[in-house]
Amino acid sequence: MNLDGLNPSQQDAVRATAGPVLILAGAGSGKTRVLTHRIAWLLEQRQARPWEILALTFTNKAAKEMAERISLLVGGSVRDMWVGTFHSLFARMLRREAEHLGYGRNFTIYDSDDQLKVVHDCMERLSLKSGQLNPKRVRAAISSAKNAMLDPETFAASDSGFIHERLSEIYRDYAIQLRQANAMDFDDLLLKPIDLFRDHPDRLAVYQDRFRFVLIDEYQDTNQAQFEVARLLAQAHNNICVVGDDDQSIYGWRGADLRNILDFETSWPGAQVFKLEQNYRSTETILEAAHAVVSRNQGRHPKKLWTQNGRGEPIPLLVGEDEALEAALVCRRILEHREQGGALRDVALLYRTNAQSRALEEAFMRHGLRYQIVGGTRFYERREIKDLLAYLRLLANPQDTVSLLRVINTPRRGIGDATVAQARALFQRAGTNFLEGVQRPELLAELGRGAPQRLAEFGKLIRDLTDLMAAGKPTEVLELLLEQTRYIEHLEAEGLEGKPRIENVRELQAALQHYEENSELGLAGFLEEVALVSDVDGWDDKEDHVTLMTVHSAKGLEFPVVFVTGLEEGLFPLAGALDDPAQLEEERRLFYVACTRAMRRLFLCFARVRRRYGQAGGAMPSSFLDIIPEELLDRSAAGRLLGGGLRGGYREAQSSFDEGGRQAGRGMRRYDAEAASQWKPAVRVAPTPPPVRPGFAGGELELDPEHTPPPPRPGKPAKLGADRERDALLNQYSPFRKAEPVRDPSSQLAEIADPSDLYPGALVLHETLGKGVVIHLTGFGGESRVSVRFESVGVKKLIARMAKLRLVR
DNA sequence: CTTCGCTAGGTTTTT
DNA sequence: CCTAGCGAAG
């Protein structure tokens, strides 16, 4: 094998195949390269055969990439190798070993939604009102207990007090419920293997024997359970190789334990340590900025990345008056990038919280920029998808109570809570489970009024589906299911909202069909895959669009151009972390991760006013920005600000801090004139027009009458000027102002659009008002309104049915 | 049992 | 601001 493409430390790390190995790999230092070469090397040197290798990652995407790259290196299949996520590989193992644990092979994997329902159920049973104990908190407590490898008994003994006792009760009941439902939650997928190995040393021996080489990616994110299971598996052959970067540990809140990587040498005596400090990704400027912040942390291996990539550009600071203007500034830079021949897929926007995507998204629509949001509500978490999956899960595992309760009255079939409760009690007395009970007419007869018939009908539905499942293909089952439940009609009845849901159902059908054609694992395999997909897995890097995602989701990815947005104190770093040193360290690492995603250009952005829960609140720039050496930043770009300077923003900032009770002393920065003077133009600035570039109709900020928005409603005359300016600023780069119009609408007229065909971002044509872009939709059916930003008259709110809008293709 | 209307809470991050 | 979840009424 040719290792010439690797630098000396990388080569060392590849060749050190025996014994425990820790590879400290900084961001962009070629970590995956080393890992894949190492595996290829093991194979080629005949030190390992494919099935003796276990390679664990955190995301499917990382696993897939690793498998592909190994396959390229060794020029063959990696089928026998276990390369995958902790969760999926252990799920696979647990299915094989299910009997030893008293589970059925067909166990269901409960996601956090399902967990919550079980918690709810438990709390009801124990008559603990959710008023005093919040189910989400309870779920979190159970999860962290599991992450710390505490079973219900150990957990109960670990502390005292009223709350803890209640939590222990719920945890105990929760565990029982899951077992009865033949279900495991995410945490169980890591914990149950430990139980298995502890109670069945012979099973442990089988896997120890098989996996002579254990490799773990992103080791800094492992929790105690993962540490333990890796220890058990690798202890026989002592060949464990972990790769990670303590500076990129950002999952502490989920139980990741930084000590795993910091103490590796103690846990695995004789470990060899390799440090990869040459960065191949970013410019010096970017690395230094990132380093400036993360190096403030106490708990880290001292190290500093270096690169031969050169200084690069300074980091522009973009300052928006509010989040919409922040977004507009970002869009402007992206349009510039595109004009210079750059692709949209080069660009990523990163933010701390998913909620921030909204303002960005609106700006992207306004500017006609294609984008993809990673994360947020996931496909498989949409209501309609969960409904249908619940049916399928119930078929795969008839004991799955959560799914049963979800589907029994979905769509409505007249089986309400009362009936369900009665039936449950009845079946319990009769010693039969729900699905069996429903098939026994003589039992049902005991229930009042129409209930027996409705329940029996439901029983028949499940029976028919089960029969078909035994005989036919999953897609056929889904089809029958849709038909019998009249599910599509049910969605149609929802009107406007139902449309995209129907599309989602079609997408689910397509996904299932695709799976069916490419896998032999059938419905069970599909359900498992679906349960374990993550946000990033759905990320599509082929299409040409800007990527929007949280910093967490961005870990492991890289982009030529990166915008880190929302750099405000209290948002990034998040308010809750300000008074906790450990959490603040994690925020710094998060910032480090964010910056080091950038290859060529990094932009740091913040807004002076940010609306949260619809309420405007002032914000101070993130303290991270103060730490970055001045010479790395380019402040000249900061403010093409809307006039008014300090007006509003900072004053509101001050008052909102005071009201929120987050005074100085708890770590929140307060307004002070000196700090503020760094960021504003001190006097009201006549908005500085950005340089006029070809391709734009010039004079961006002049409010020529043609582009003036409609006069605002009377009542707030004082704001008029500002609103017009603001509007102009927001729209100055909109596609309609380009010298070359996007398209000539007259030649591409569509039919008058059905209101339900409209969507935000759609280009439309109105008979008299001309071209516009749909901004927003509200309401249902005949009442639905549509906001359209017209080229000629600005934003108009129209009644969708009356507007006679045509879609411009 | 369903539907409507109100309120409270939510925005950290996810396999 | 928006939504989900709950209570009251039909």
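Note on naming: letters A, B, ... go to the chains in the order of the sequence lines (proteins, then strands), and numbering restarts at 1 for each one. The model shown is predicted, which means the values in this text are computed figures rather than measured ones.
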Can [X] and [Y] be counted as having a side-chain donor-acceptor contact under 3.5 angstrom?
X      : Y      : answer
A:Q356 : A:T353 : yes
A:T57  : A:D217 : no
A:T410 : A:D387 : no
A:D257 : A:N223 : no
A:Y110 : A:D188 : no

The residue, A:D417 or A:S88, whose nearest nucleotide of DNA chain B is more 5′ is A:D417
DNA chain B: A:R412 or A:I250, which has the more 5' nearest nucleotide? A:R412
Quick one: [X] [atom1] to [N] [atom2], roughly how many Å, whole number?
X      : N      : atom1 : atom2 : result
A:R139 : B:dT13 : CZ    : C1'   : 13 Å
A:R352 : B:dT14 : CZ    : P     : 9 Å
A:D187 : B:dT14 : CG    : P     : 16 Å
A:L590 : B:dT13 : CG    : P     : 11 Å
A:R382 : C:dT3  : CZ    : P     : 13 Å
A:Q422 : B:dC1  : CD    : C1'   : 13 Å
A:K61  : B:dT14 : NZ    : C1'   : 17 Å
A:R454 : B:dT2  : CZ    : C1'   : 12 Å

Using atom types as modelled and distance alone, determine if a side-chain donor or acceptor of A:T222 lies under 3.5 Å from a backbone N or O of A:Y219. yes
Give [X] one of three labels, base, sugar-phosphate or nothing, depending on what nucleic acid heavy atoms sit under 4.0 Å from its own.
X      : value
A:A577 : nothing
A:T419 : sugar-phosphate
A:N409 : sugar-phosphate
A:L189 : nothing
A:F58  : sugar-phosphate
A:N354 : sugar-phosphate

Checking B:dT12, B:dT15, B:dC1 against the side chain of A:Q583 (C-beta onward), the nearest is B:dT12
A:W253 side-chain proximity, nearest of B:dT15, B:dT2, B:dT14: B:dT14
On a whole-Å scale, what distance lies between the P atoms belonging to B:dT13 and C:dA4? 15 Å
Taking 4.0 Å as the cut-off, does a side-chain nitrogen or oxygen of A:T550 come that near to OP1 or OP2 on B:dT14? yes
Are any of A:S553's side-chain N or O atoms less than 4.0 Å away from OP1 or OP2 of B:dT14? yes
Out of A:V407, A:D114, A:I109, which one pairs with A:R393 under the side chain to side chain contact (heavy atoms under 4.5 Å, CB included) rule? A:D114
Check for me whether A:R424 meets the cation-pi criterion with A:F434, that is, NZ or CZ under 6.0 Å from the six-membered ring centre and within 45 degrees of the ring axis. no
Base versus backbone protein contacts along nucleotides 4-11 of chain B [heavy-atom cut-off under 4.0 Å; B, S, -]: ------BB
